[in-house]
Amino acid sequence: MAATTGDMPTYQIRAPTTALPQGVVMAAWPGSLHSPQQPAEEATCKRELRLMKNREAAKECRRRKKEYVKCLESRVAVLEVQNKKLIEELETLKDICSPKTD
DNA sequence: ATGCACCCACGTCACAGCCG
DNA sequence: CGGCTGTGACGTGGGTGCAT
């Protein structure tokens, strides 16, 4: 289904583990202070934290992917110019080397 | 003005792979 | 092995251009 292995795009560059994005505040809540009461609340809190981190991860992932695609597009442009030049050069050489039929 | 098709950015879920 | 992270897939909402 999703995420076929062995075909990881090159834009996937492991960044050094950064802290939470700006404006994101880690919720310090009583349940996390080694008192296992309110397990449901802890689960909710964990889930929200996970969603928040995943939201940011998805944004960053898309940003990197866009950058990667841009990079590929500009590379295509460069190669197209290069290819055109080589074709022109080849035509010129053909003209020079081919015997005149007249 | 409105309905429609298309695009884009987003949030979420599911999964793969990595790391302690 | 369990938790964490990155990413593909999917659904959704807002913006835009176009035909009617």
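Protein chains get the first letters and strands the later ones, always in sequence-line order, with residue 1 at the start of each. If you're wondering where the values come from, they're calculated on a predicted model, not measured in any experiment.
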Between C:dG8 atom C1' and A:Tyr68 atom OH, what is the distance in whole Å? 15 Å
Atom CE of A:Met52 and atom C1' of B:dG11: how far apart are they, to the nearest Å? 14 Å
Minimum-distance nucleotide (side-chain atoms of A:Arg47 versus C:dG6, B:dG11, B:dC13): B:dC13
Mind calculating the distance between CZ (A:Arg55) and C1' (C:dT5) to the nearest angstrom? 16 Å
Here the distance between atom P of C:dT7 and atom CD of A:Glu60, to the nearest Å, is 9 Å
Which of these nucleotides, B:dG11, C:dT7, C:dT5, is closest to any side-chain atom of A:Lys53? C:dT5
Test for a donor-acceptor pair under 3.5 Å between the base of B:dG11 and the side chain of A:Arg62, counting only N and O atoms. yes
Would you give the length of the straight line joining atom NZ of A:Lys53 to atom CD of A:Glu60, rounded to the nearest 0.5 angstrom? 15.0 Å
Separation of C:dC4 atom P from A:Asn54 atom CG, nearest Å, is 13 Å
With salt bridge (Lys or Arg N to Asp or Glu O under 4.0 Å) as the test, would you mind laying out the steps for A:Glu67 and A:Arg64 before giving the verdict? CA-CA 5 Å; A:Glu67 205 173 301; A:Arg64 277 201 299 268; over 6 Å; no
Can you tell which of A:Asp95, A:Ile96, A:Leu90 makes a side chain to side chain contact (heavy atoms under 4.5 Å, CB included) with A:Thr92? A:Ile96
Step by step, work out the side-chain contact (heavy atoms from CB on, under 4.5 Å) result for A:Glu73 and A:Val76. CA-CA 5 Å; A:Glu73 284 171 348; A:Val76 165; 5.5 Å; no
Contiguous Watson-Crick or G-U pair runs (3 or more, under 3.5 Å) in DNA chain B: B:1-20 with C:1-20
Give one of base, sugar-phosphate or nothing for A:Lys66, where a contact means two heavy atoms less than 4.0 Å apart. sugar-phosphate
Please state how far atom NZ in A:Lys46 lies from atom P in B:dT12, giving the value in whole angstrom units. 19 Å
May I have the distance from A:Arg63 (atom CZ) to C:dT7 (atom C1'), rounded to whole angstrom? 15 Å
List the steps, then state whether salt bridge (Lys or Arg N to Asp or Glu O under 4.0 Å) holds for A:Glu91 with A:Lys94. CA-CA 5 Å; A:Glu91 292 305 321; A:Lys94 272 187 192 169; 3.6 Å; yes
In whole angstroms, the gap separating C1' of C:dT5 from CZ of A:Arg50 amounts to 7 Å
Identify which nucleotide among B:dC13, C:dG8, C:dT5 has an atom closest to any side-chain atom of A:Lys65, counting heavy atoms from C-beta outward. C:dG8
Taking the side chain as everything from C-beta on, heavy atoms only, tell me whether A:Met52 gets closer than 4.5 Å to A:Leu49. yes
Here the gap from A:Lys84 atom NZ to A:Glu80 atom CD, rounded to the nearest 0.5 Å, amounts to 10.0 Å
